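Following: one structure in structure tokens, then a few remarks.
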Number of protein chains: 2
Amino acid sequence: MPPKTTQNPPPRTRVGERIDRMLALLEQQVPMTRRVVHAGDTVYQASDPLTCLYIIHSGLFKTVNLSPDGREQVAGLHFKGDWLGFDGIAENQFACDAIAMDTGEVWAVRYDALLAACTTIPQLLAGFHMAMSRQIGRDRDTMLALCTLPADARVADFLRYWADSMEQRGLRTDQITLRMTRAEIGNYLGMKLETVSRALSRLERDQVIGFTEKGRRDVHIPNVRALSDFVQRSLAHAA
Amino acid sequence: MPPKTTQNPPPRTRVGERIDRMLALLEQQVPMTRRVVHAGDTVYQASDPLTCLYIIHSGLFKTVNLSPDGREQVAGLHFKGDWLGFDGIAENQFACDAIAMDTGEVWAVRYDALLAACTTIPQLLAGFHMAMSRQIGRDRDTMLALCTLPADARVADFLRYWADSMEQRGLRTDQITLRMTRAEIGNYLGMKLETVSRALSRLERDQVIGFTEKGRRDVHIPNVRALSDFVQRSLAHAA
DNA sequence: CGGCTGGTTGAGGCATCTCAAACGCAGTGG
DNA sequence: CCACTGCGTTTGAGATGCCTCAACCAGCCG
């Protein structure tokens with residue numbers, strides 16, 4: 001039996017509380033429509049006109065960026081409390097596809113209604129800006145990882161980010177289900193699926209992660225710190 | 001004598017007009033302080049508390065992201081009309097260093113004053129959000145290039161972006177001065193300085209760019225389209 | 001002049017990609 | 001129940017693009 005770091009009910013977290021406050025604020029102050037989605041459903045598509053932004057109430061989403069010449073990339077992963085659609089504000093139409101990777105619920109908020117509400121509710125405006133800012137910060141960190149980490153470490157860092165996101169939201173982090181194929185992970189991390197597979201195998205061999213019973217899609221993470229340590233070791237070893 | 005695509009005075013451009021309108025709006029409606037900077041000056045540093053955002057009135061700036069373990073990366077390049085400091089809104093303190101690469105001027109606007117003005121001037125709020133959104137879109141495009149383009153194409157795409165940015169602002173695009181060393185370019189693009197140097201040499205050999213007289217820091221771009229074409233050829237050749 | 005910084009170029013090594021084979025699992029239809 | 005197929009994964013072997021290391025060059029400044 002693998003070691004458990006925690007099996008307690010979700011603890012209240014600072015991030016979790018912030019998210020809940022924001023959701024409650026929206027619910028009370030801004031008209032919105034709830035929408036239940038299932039794996040594969042698109043929330044919006046590139047070139048759709050922007051009328052709504054979407055905030056994730058539950059579930060897991062990806063945004064897929066694609067260039068005129070047909071290259072495409074998973075540009076971001078989004079969890080409860082994240083917004084979808086910031087990319088569309090500049091041109092008044094979306095620049096990515098936003099796709100559900102799992103059953104979940106998004107709240108659609110008309111952008112004009114949101115702005116109207118923001119003029120009278122400062123916390124709403126502040127929360128909105130913080131969300132955009134956080135998105136920018138995350139993208140920057142992703143770029144940093146892409147540019148400075150070798151493949152193995154990039155995969156480890158990816159898992160660490162996933163686990164951190166779960167933890168911040170009060171969800172269990174010791175066992176996560178990757179709802180992405182190796183090819184998708186590779187696309188996100190800028191490497192080929194075989195490289196992802198090898199990296200995961202090495203992480204397993206080093207006891208940093210484990211796989212649960214049948215199938216190798218659920219990842220067992222006994223200790224999130226071990227992932228960070230693995231990244232650091234990769235860097236130290238290179239130097 | 002190299003061919004000239006244009007030697008006209010800067011044409012009015014749509015982007016240029018948008019930028020000028022935004023600058024004028026700020027000037028009229030929001031208290032701000034102008035600050036002249038020179039190459040190497042820092043506009044703000046990571047972990048500084050955020051009180052102001054900065055909009056670029058002239059000059060060229062970079063933002064440098066750094067991780068706790070000491071890795072660092074040039075995360076963005078910023079021209080006239082771009083804002084600096086979005087990264088700091090989430091945590092109320094900056095997450096990057098913002099550094100001038102040239103003589104220029106930034107306008108510092110207190111964030112609280114900006115928000116206050118935004119509540120009464122909808123165009124200001126709209127412009128502000130568009131700027132953040134544009135930043136997100138750019139970061140996404142950068143990630144796409146990092147993940148899908150080989151080194152040569154990445155350098156070509158970098159130059160294309162630079163030239164496009166100049167053109168959008170009504171500046172001449174046939175000859176640009178890279179105020180970055182090869183090492184800095186490489187850091188930004190996720191490759192080593194030697195690789196950048198080789199890529200530039202190949203672009204020169206293929207007549208896609210030229211170098212002006214002495215020194216190889218000024219790049220001559222007779223035709224921006226040729227850079228895009230080079231990128232496409234790299235992709236086609238790979239497939 | 002001599003030292004320094006930044007750039008170019010070559011040779012060899014290594015990380016990642018490519019190509020290929022085989023496996024496990026789920027779904028389907030006999 | 002058992003082929004049989006299809007998709008996602010793993011693993012190996014060889015190719016290659018980029019990195020590393022090193023030499024050399026050009027401009028700049030004290």
Side-chain angles (χ1 to χ4, degrees), chain A residues 39-40 71 73-74 101 145-159 177-206 209-219 230-231 233-235 237-239, chain B residues 39-40 71 74 101 145-159 177-206 209-220 230-231 233-235 237-239:
Chain A
R71 286 171 292 146
Q73 197 210 2
V74 176
M101 307 180 73
L146 285 173
C147 286
T148 62
L149 295 182
D152 286 4
R154 227 140 73 210
V155 172
D157 190 63
F158 162 74
L159 293 173
T177 301
L178 299 180
R179 294 176 187 283
M180 305 172 72
T181 65
R182 305 295 191 246
E184 239 177 333
I185 297 171
N187 175 290
Y188 180 53
L189 298 177
M191 65 187 78
K192 297 287 135 175
L193 75 166
E194 295 95 330
T195 307
V196 175
S197 179
R198 285 185 235 274
L200 288 171
S201 295
R202 269 187 288 267
L203 287 170
E204 182 188 25
R205 183 170 48 65
D206 290 8
I209 65 171
F211 288 108
T212 58
E213 71 235 44
K214 304 289 188 190
R216 294 171 61 97
R217 309 206 58 173
D218 288 13
V219 177
F230 182 91
V231 173
R233 252 179 289 134
S234 304
L235 291 171
H237 192 267
Chain B
R71 287 171 290 146
V74 176
M101 308 182 72
L146 285 174
C147 285
T148 62
L149 296 182
D152 286 5
R154 226 138 77 209
V155 172
D157 190 63
F158 162 75
L159 293 172
T177 302
L178 299 180
R179 295 176 187 284
M180 304 171 74
T181 65
R182 304 295 191 246
E184 240 177 334
I185 297 171
N187 176 289
Y188 179 52
L189 297 177
M191 66 188 77
K192 296 289 134 173
L193 76 166
E194 295 94 328
T195 306
V196 175
S197 179
R198 286 183 234 272
L200 289 171
S201 295
R202 271 187 286 266
L203 287 170
E204 182 188 25
R205 182 170 48 67
D206 291 7
I209 65 170
F211 288 107
T212 57
E213 72 234 42
K214 302 292 187 190
R216 295 171 61 96
R217 310 208 55 175
D218 288 13
V219 176
H220 177 77
F230 182 91
V231 173
R233 251 180 289 133
S234 305
L235 291 172
H237 191 269

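Predicted model, so just to flag it, every value in this text is computed and none were measured.
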So, using side-chain hydrogen bond (donor to acceptor under 3.5 Å, both in side chains) as the criterion, who are the partners of [X] when residues are at least two apart?
{"X": "B:R202", "result": "B:D152"}
{"X": "B:T177", "result": "B:D218"}
{"X": "A:N187", "result": "none"}

Can you run down the side chain to side chain donor-acceptor pair (under 3.5 Å) pairs that involve residues 189-198 of chain B, sequence neighbours left out, and say none if there aren't any? none
Hey, where on DNA chain C does chain B first and last touch, going 5' to 3'? Cut-off is any atom under 4.0 Å from a heavy atom. C:dG7 to C:dA11
Interatomic distance, [X] [atom1] vs [N] [atom2] [rounded to whole Å]:
{"X": "B:R217", "N": "D:dC28", "atom1": "CZ", "atom2": "C1'", "value": "12 Å"}
{"X": "A:F211", "N": "D:dG8", "atom1": "CZ", "atom2": "C1'", "value": "13 Å"}
{"X": "A:R182", "N": "D:dG8", "atom1": "CZ", "atom2": "C1'", "value": "8 Å"}

For nucleotides 12-27 of chain D, read 5' to 3', which letter fits each nucleotide if B means a protein heavy atom sits under 4.0 Å from the base, S means only the sugar-phosphate is that close, and - means neither? BB----SSBB-----S
Has B:R71 got a side-chain atom pairing as donor or acceptor with A:T148's backbone, closer than 3.5 angstrom? no
Ignoring hydrogens and angles, tell me if any N or O in the side chain of A:R179 forms a donor-acceptor pair with the backbone of A:A39 under 3.5 Å. no
Using side-chain heavy atoms (C-beta onward) and a distance below 4.5 Å, is A:L203 in contact with A:L159?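 Yes; the side chains approach each other to less than 4.5 Å.
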Do B:T181 and B:R217 have side chains that get closer than 4.5 Å, going by heavy atoms? yes
